[in-house]
Amino acid sequence: MRLKCVKFCLIGHGKGKVGKATNLRGQVSLPTLGAGEDAYDVHFEWDSDFGIPGAFYIKNFMQVEFYLKSLTLEDIPNHGTIHFVCNSWVYNSKSYHSDRIFFANNTYLPSETPAPLVKYREEELKNVRGDGTGERKEWDRIYDYDVYNDLGDPDKGEKYARPVLGGSALPYPRRGRTGRGKTRKDPNSEKPSDFVYLPRDEAFGHLKSSDFLVYGIKSVAQDVLPVLTDAFDGNLLSLEFDNFAEVRKLYEGGVTLPTNFLSKIAPIPVVKEIFRTDGEQFLKYPPPKVMQVDKSAWMTDEEFARETIAGVNPNVIKILEEFPPRSKLDSQAYGDHTSIITKQHLEPNLGGLTVEQAIQSKKLFILDHHDYLIPYLRKINATTTKTYATRTIFFLKSDGTLTPLAIELSKPHPQGEGYGPVSEVYVPSSEGVEAYIWLLAKAYVVVNDSCYHQLVSHWLNTHAVVEPFVIATNRHLSVVHPIYKLLFPHYRDTMNINSLARKSLVNADGIIEKTFLWGRYSLEMSAVIYKDWVFTDQALPNDLVKRGVAVKDPSAPHGVRLLIEDYPYASDGLEIWDAIKSWVHEYVSFYYKSDAAIQQDPELQAWWKELVQVGHGDLKDKPWWQKMQTREELIEASATLVWIASALHAAVNFGQYPYGGLILNRPTISRRFMPEKGSAEYAALAKNPEKEFLKTITGKKETLIDLTIIEILSRHTSDEFYLGERDGGDYWTSDAGPLEAFKRFGKKLQEIEQKLIQKNKDETLRNRSGPAKMPYTLLYPSSEEGLTFRGIPNSISI
């Protein structure tokens, strides 16, 4: 390796002066070195004409790449030490059109960049943008956009063909471009391949255990799935669970398979406790938190209701403002979809209130999985799955808890869409076969909620919508730009995990399609829902007000007042949101002293313009986008992005196994319609309710696959960085003001965590633990490694 130092003068114009090339010298020992890391000594010749070094070139003449973490220049006369935080893979110099350059940890707006560095700053951005042509290679660092045209493989047959997401028909956020060739049968679809390009530094470059998590996901898709399929096909495993006790055996005794079967699976480090290859307890899962204290709490109405505000999908429930609930579907195409729930269904359990009084006093809420599902319901029910669109109405009781009052199940009319739905309404029951009918009604609701959670709340609203921000930021904001430095930690590993998801999770016939009700329509339906996505509504206060679960109130601690006071996700989230917003406000205000400075920043304006017009280009004409003309707009947009990538993702991701690991609590598929009175199925339900319930929800094979994947997805890695932490310690900037503000942010998060711990000790807040006795901890900022049901990582990294 040879290092060339680019040194610049604080006066003068044009290129900074380039110093003499120098080679690495011997290895040195440093106390901060991690596993697999080496440190080298390098000596630069320096004279006073150079001024202060602001960047350096590096050339790698070896055949193998290396990961450059940092360069520290010591003993600079009249200056002391200069830090260069690099964190980048450097390939052989012949791989690049121009030498790799790294900048010192100074932070500059474009107008304040020292003149000798301006050209280098501009050239580096140009290199990262590329020219939009050709197939990308492993060593490339180019960020560009493409549509989702890589989900299917039409050359394998119609079963594997999927529509392109992105464009006027099915709008979608853009993904990173790879430039792979097109399939034979569909010139619009990209050909699958084992190697999927990522800008090299977006790959898991650090020595992190997420390498094992990713390996685990790939192994489940490529190795475990076929073995499980063979085991079921060969009758080594029964196709159905017989009773709830057999489901619980997954966590107590496991599933045993012959040793010769298991030899087909290579050891998977991350799930070695689940996949024992000695044949003993081959599939033994850790007990999910929802059943650790009370194995039957999931069956209660209170727990069912509580999970709409403290579960893994806590941001869908909304206020009921009109009765009966109405549909926004085109009545010409779909008929009348007005709800058939009546006052008689609700008023016996309203504590003496009429429906009108309950609505007026903001006591009625709805979990509405109806309109978006109806256009796809007939197609979904034409497969092995059978389900309904659902509406569930809840009542806020005087003790602060929610209780379900009625569930409406709607399926397509046999004579066609224009006839409207065929609907039934179910109300709570606790005795005899009707208790299990009610349990089934709740299961159909949860199946819809599970699918919406995985494909919309989780995949679309965090993973997919953030990727265009990652691309636009790298293309238009220099690494020395203050907003690049603000947002960069919140992008760590996101493009990589998204690329893996397109290859193994959300791809045609992939794990999500196999184990969730929406099946082959999964991502297509998320695209239909994306049409109504609003970036500004992702800010937590805006989201709460839009859903009607909070009202604006300047006198309230966070500017909004919750209508459900004991709403764990919302109340904890508002604490985190305020901390993020305060930190971003301090940071932005440090660098931008006026709105004019925002308007006159060419990098910032190019970043936002491309993000809106290309990255989220299918929604570019929406009036709600910030115009990026004021400091307040930049603060709000940046805080919203940080919230999505950190706290929102944490809230909808790390509870997946704690809640969904018990398939009884969060089924993902329904395979039969509700038994009708007088039918053989109804009689069978009366005779053996648990067996018939299990025949209706997710099957055994799909359960084992689902549990294995969400167990991996719910884990934290050993070297995760959490909100309030940064890779590289204090060296990410040389400016003291932002460093001090960031420390205050970290301290504030620690205080919030202590506050949340105290909240969970308050027994009057019944929604925080509920019948399952599992305190809501998903928005505790810190965590240890593993399956912890807490912790807010900086970024969407799993």
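Nearest approach of N243 to E690, heavy atoms of both residues: CB-OE1, 3.3 Å. Nearest approach of S339 to I341, heavy atoms of both residues: OG-N, 3.0 Å. Closest approach of L517 and I669 over heavy atoms only: N-CG1, 3.7 Å. In terms of heavy-atom proximity, I697 sits nearest to A443 at CG2-CB, 4.1 Å. Nearest heavy-atom pair across V465 and L460 is CG1-O, 3.0 Å. Here the closest non-hydrogen pair linking P163 and L170 is CB-CD1, 3.8 Å.
In this structure, M525 CE and R520 CZ are separated by 13.5 Å, a value rounded to the nearest 0.5 Å. The distance from the OH atom of Y657 to the CD1 atom of I712 is 11.5 Å, given to the nearest 0.5 Å. A distance of 8.5 Å separates CG in N665 from OH in Y659, rounded to the nearest 0.5 Å. Atoms NE2 and OG1, on H649 and T462 in that order, are 4.5 Å from each other to the nearest 0.5 Å. The line from OG1 of T777 to CG of D572 is 9.5 Å long, rounded to the nearest 0.5 Å. Atom CG in L756 sits 8.0 Å away from atom OG in S571 (nearest 0.5 Å).
Side-chain atoms of N507 come within 3.5 Å of backbone atoms of L505 as a donor-acceptor pair (strictly under, hydrogens ignored). The closest donor-acceptor contact from the side chain of K318 to the backbone of N315 lies at 3.5 Å or more, if one exists at all. A donor-acceptor contact shorter than 3.5 Å is absent between the side chain of E303 and the backbone of T300. At distances below 3.5 Å, not a single donor-acceptor pair connects side-chain atoms of E513 with backbone N or O atoms of S522. Formation of a donor-acceptor pair under 3.5 Å by the Q538 side chain with backbone atoms of V534 is found in this model. Using modelled atom types, one side-chain atom of R162 and one backbone atom of K159 make a donor-acceptor pair closer than 3.5 Å. Between the side chain of D566 and the main chain of R766, a donor-acceptor pair closer than 3.5 Å is present. The main-chain N or O of S769 is never found under 3.5 Å from a side-chain atom of N760 such that the two would form a donor-acceptor pair. Formation of a donor-acceptor pair under 3.5 Å by the E702 side chain with backbone atoms of T698 is not found in this model. At distances below 3.5 Å, not a single donor-acceptor pair connects side-chain atoms of K363 with backbone N or O atoms of Q357.
A donor atom on one side chain and an acceptor atom on the other are not found under 3.5 Å apart for N767 and R306. Looking at T708 and Y285, their side chains do bring a donor and an acceptor atom within 3.5 Å of each other. Of the N and O atoms on the side chains of T668 and T515, not one donor lies less than 3.5 Å from an acceptor on the other residue. Under the 3.5 Å distance criterion, with hydrogens and angles disregarded, no donor-acceptor pair is assigned to the side chains of T401 and E302.
Taking the six-membered ring where tryptophan is involved, the planes of F789 and Y776 are perpendicular, since the angle between them exceeds 60° and thus also 30°. Classification of the F394-F304 ring pair by plane angle, with boundaries at 30° and 60°, yields tilted. A perpendicular orientation is assigned to the rings of H370 and H337, their planes being inclined by more than 60° (bins at 30° and 60°). Between Y569 and Y567, the ring planes are tilted. Angles from 30° to 60° get that label. Ring planes of W459 and H463: parallel class, angle under 30° (limits at 30 and 60°).
A 4.5 Å side-chain heavy-atom check between P325 and I393 finds at least one atom pair inside the cut-off. Side-chain contact between L346 and F323: present, with at least one pair of heavy atoms (C-beta onward) separated by less than 4.5 Å. A heavy-atom distance below 4.5 Å is not found between the side chains of I366 and T392. Contact annotation: the side chain of P658 never approaches that of V290 to less than 4.5 Å [non-hydrogen atoms, C-beta and beyond]. Two residues are said to be in side-chain contact when any heavy atoms from C-beta on lie closer than 4.5 Å; I380 and L373 meet this criterion. With contacts defined as side-chain heavy-atom distances shorter than 4.5 Å, the pair D537/D543 does not qualify. Using a 4.5 Å cut-off on side-chain heavy atoms (C-beta onward), L364 and L405 make contact. F516 is listed as a side-chain neighbour of D706, based on a closest heavy-atom distance under 4.5 Å.
Among the candidates N381, N448, T387, the single residue satisfying the side chain to side chain donor-acceptor pair (under 3.5 Å) test with S670 is T387. Shown are Y426, Y388, F693, F673; of these, the ring-ring contact (aromatic ring centres under 6.0 Å, His included) with Y444 is made only by Y388. Test H453, E711, Q454 against Q656 for side chain to side chain donor-acceptor pair (under 3.5 Å) and you get one pass: Q454.
Within 6.0 Å of CD on E356 lie more than 12 heavy atoms contributed by other residues, nucleotides or ligands. Within a 6.0 Å radius of NZ in K362, other residues, nucleotides and ligands contribute 12 heavy atoms or fewer.
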Derivation and outcome, side chain to side chain contact (heavy atoms under 4.5 Å, CB included), residues V446 and W298 = CA-CA 11 Å; V446 174; W298 66 274; over 6 Å; no
Test side chain to side chain contact (heavy atoms under 4.5 Å, CB included) applied to R715 and I798, step by step | CA-CA 8 Å; R715 288 178 169 271; I798 190 64; over 6 Å; no
Candidate pair D371 and S327, rule side-chain hydrogen bond (donor to acceptor under 3.5 Å, both in side chains), full reasoning = CA-CA 6 Å; D371 280 10; S327 169; 2.9 Å; yes
List the steps and the verdict of side-chain hydrogen bond (donor to acceptor under 3.5 Å, both in side chains) for K700 and S238.
-> CA-CA 8 Å; K700 186 187 282 189; S238 61; 2.7 Å; yes
Steps toward side chain to side chain contact (heavy atoms under 4.5 Å, CB included) verdict (N313, R666) | CA-CA 11 Å; N313 197 31; R666 296 286 295 173; 4.2 Å; yes
Go through the steps to decide whether L367 and V316 satisfy the test side chain to side chain contact (heavy atoms under 4.5 Å, CB included), and finish with yes or no.
-> CA-CA 7 Å; L367 187 65; V316 179; 3.9 Å; yes
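Under the 4.0 Å criterion applied to side-chain N and carboxylate O atoms, E252 and K249 are not assigned as salt-bridge partners. Look at R671 and E240 and you find a salt bridge, because one of the NZ, NE, NH1 or NH2 atoms lies within 4.0 Å of a carboxylate O, short of that distance. Using a cut-off of 4.0 Å between Lys/Arg side-chain N and Asp/Glu carboxylate O, E424 and K411 are scored as not salt-bridged. Under the 4.0 Å criterion applied to side-chain N and carboxylate O atoms, E417 and R378 are assigned as salt-bridge partners. Of the charged side-chain nitrogens involved, at least one lies within less than 4.0 Å of a carboxylate oxygen, so that R672 and E692 count as a salt-bridged pair.
Under the ring-ring contact (aromatic ring centres under 6.0 Å, His included) criterion, W438 pairs with no residue, sequence neighbours left out.
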